[in-house]
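Just so you know, residue 1 is the first one in the sequence shown, and it goes up from there. We count ligands from 1, going down the list as the structure has it; atoms in each ligand are counted the same way.
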Amino acid sequence: EKVHRCGGAYIGGNIVLTAAHCVAGVDGFATRRRVRLGTQNLRVPGATFRIADWKVHPGFVNAEPYPHDIAVLRIVADTPEARRLDLRKHAIRMLGTRPGDLPVARGDRLRITGWGRTKARNSGQAQLARDGTRNPMSPVLMQISQRPDPAACAMLPGYADRIADKTICAVSELAGSDSCNGDSGGPMTRAQGSERVLVGLVSWGRGCALPGMPAVYTSVPGYLDWIAGARGALGRR
Ligand code: ARG
């Protein structure tokens with residue numbers, strides 16, 4: 001029986017992007033975890049994939065604020081359900097991979113999706129909501145909307161030392177809405193014409209949905225070169 005741990009973004013070519021903190025420090029990572037793809041409701045049976053190989057960014061530090069919080073996974077269809085899934089339909093294009101892509105800018109509406117914890121919580125214990133009740137993950141995919149707000153992260157400890165353009169700092173307009181534990185590694189996207197492009201990955205924040213508190217995302221355009229190198233270096237077995 002598998003439980004949900006983290007999100008990820010499928011970018012095509014059997015490659016999934018996720019947060020480094022979802023991978024590093026997990027012993028037996030590739031044998032203990034699988035990638036589920038193509039379903040929104042985790043309670044219904046779905047297709048899961050074996051993780052054949054993975055790379056964590058060499059600059060990642062497994063302590064908040066998780067610098068370089070990015071990893072690539074190579075997935076392999078090793079079940080009938082996975083083999084039946086047409087992976088091409090599930091790929092998202094990364095921002096910055098086409099000429100004319102506009103960088104993330106103030107005023108953009110950014111969508112974050114995930115199956116993570118659903119209630120506000122203080123920093124510290126991930127399992128408990130702010131009011132002391134349990135803070136369950138969502139069996140169905142949830143989505144929120146945030147806007148980039150670079151200045152809002154200045155208040156976060158450790159954030160100021162980070163390299164700008166490697167992260168996206170974002171705030172919700174709707175009080176009580178945020179990404180949270182369990183959403184990590186999942187996609188932040190932006191509408192561009194009729195498509196949605198991948199702009200970020202859920203990384204960290206202080207607690208979840210605390211009033212005025214921003215959330216930090218790994219900037220996908222900031223890591224295109226690393227992603228290209230890392231995916232090329234992944235083994236095929
Ligand atoms: N990595 C974080 C955690 O385990 C979740 C990331 C998002 N947090 C946030 N407040 N937006 O709690």
Side-chain angles (χ1 to χ4, degrees), residues 3-9 16-26 29 32-33 42 56-57 59-71 73 104 108-138 141-159 162 166-190 198-220 222-223:
V3 295
H4 175 76
R5 295 284 185 167
C6 272
V16 172
L17 298 184
T18 189
H21 80 263
C22 291
V23 179
V26 178
F29 170 73
R32 302 252 301 268
R33 301 274 198 271
L42 300 184
V56 170
H57 194 286
F60 173 67
V61 179
N62 203 357
E64 293 181 5
Y66 298 137
H68 307 293
D69 197 8
I70 186 167
L73 317 178
V104 170
D108 282 353
R109 272 194 76 196
L110 306 172
R111 177 191 290 174
I112 303 97
T113 50
W115 292 269
R117 297 185 195 278
T118 49
K119 297 182 191 171
R121 68 167 178 92
N122 292 314
S123 50
Q125 275 178 301
Q127 297 87 345
L128 284 187
R130 230 183 155 192
D131 58 9
T133 58
R134 54 186 288 276
N135 195 353
M137 303 229 188
S138 174
L141 187 64
M142 307 283 279
Q143 74 172 52
I144 60 155
S145 163
Q146 296 188 323
R147 293 200 192 265
D149 188 346
C153 284
M155 68 173 94
L156 292 172
Y159 185 82
R162 298 164 72 105
K166 293 289 185 191
T167 55
I168 296 164
C169 179
V171 292
S172 294
E173 287 174 334
L174 190 62
S177 111
D178 194 7
S179 48
C180 198
N181 180 248
D183 295 321
S184 293
M188 167 186 259
T189 63
R190 189 182 66 187
L198 181 66
V199 309
L201 304 172
V202 177
S203 179
W204 73 290
R206 273 186 73 184
C208 300
L210 298 178
M213 198 62 81
V216 178
Y217 298 82
T218 304
S219 168
V220 167
Y223 287 96

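Side-chain contact check for Leu110 versus Ser145: every heavy-atom pair is 4.5 Å or farther apart. Val202 has its side chain within reach of Tyr217: a pair of non-hydrogen atoms, C-beta onward, lies under 4.5 Å apart. Contact of the Met188 side chain with the Ile168 side chain is registered, since non-hydrogen atoms from C-beta on lie closer than 4.5 Å. Looking at Thr218 and Thr167, their side chains never come closer than 4.5 Å, going by heavy atoms from C-beta outward. At least one side-chain heavy atom of Leu198 sits under 4.5 Å from a side-chain heavy atom of Leu17.
At the top of the distance list for atom 10 (N) of ligand 1, counting protein heavy atoms only, stands Gly207 O, 2.6 Å. Nearest to atom 6 (C) of ligand 1 among the protein's heavy atoms is Ser203 O, 3.4 Å. Of the protein's non-hydrogen atoms, Ser184 OG, 3.5 Å is the one closest to atom 5 (C) of ligand 1.
Within the structure, the closest approach of Ala126 to ligand 1 does not fall below 4.0 Å when heavy atoms are considered. The shell of residues lying under 4.0 angstrom from ligand 1, judged by heavy atoms, includes His21. Under the 4.0 angstrom criterion for non-hydrogen atoms, Asp183 is not in contact with ligand 1. Every heavy atom of Gly182 sits 4.0 Å or more from the atoms of ligand 1.
A donor-acceptor contact closer than 3.5 angstrom links the side chains of Gln146 and Ser172.
Residue contacts with ligand 1 for Arg121 involve side-chain atoms from C-beta outward but no N, CA, C or O (heavy atoms, distance under 4.0 Å). Only backbone heavy atoms of Cys180 (N, CA, C or O) come within less than 4.0 Å of ligand 1; its side chain stays farther off.
Compare Gly116, Ser179, Gly205 by their heavy atoms: the one nearest to atom 11 (N) of ligand 1 is in Ser179. Counting heavy atoms only, Asn181 comes closest to atom 4 (O) of ligand 1 of the residues Ile144, Val202, Asn181, Asp69.
Taking only nitrogen or oxygen atoms, main chain and side chain alike, Tyr217 does not reach within less than 3.5 Å of ligand 1.
Short contacts between ligand 1 and Ala215, defined as distances under 4.0 Å to a heavy atom of the residue, involve ligand atoms 11 (N). Within the listing of ligand 1, atoms 10 (N) sit less than 4.0 angstrom from a heavy atom of Cys208.
The environment of CZ in Arg33 is crowded: more than 12 heavy-atom neighbours from other residues, nucleotides or ligands sit within 6.0 Å.
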Task: Worked check of side-chain contact (heavy atoms from CB on, under 4.5 Å) between His57 and Tyr223 - done: CA-CA 10 Å; His57 194 286; Tyr223 287 96; 3.7 Å; yes
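His21 and Tyr66 have their aromatic ring centers within a separation under 6.0 angstrom.
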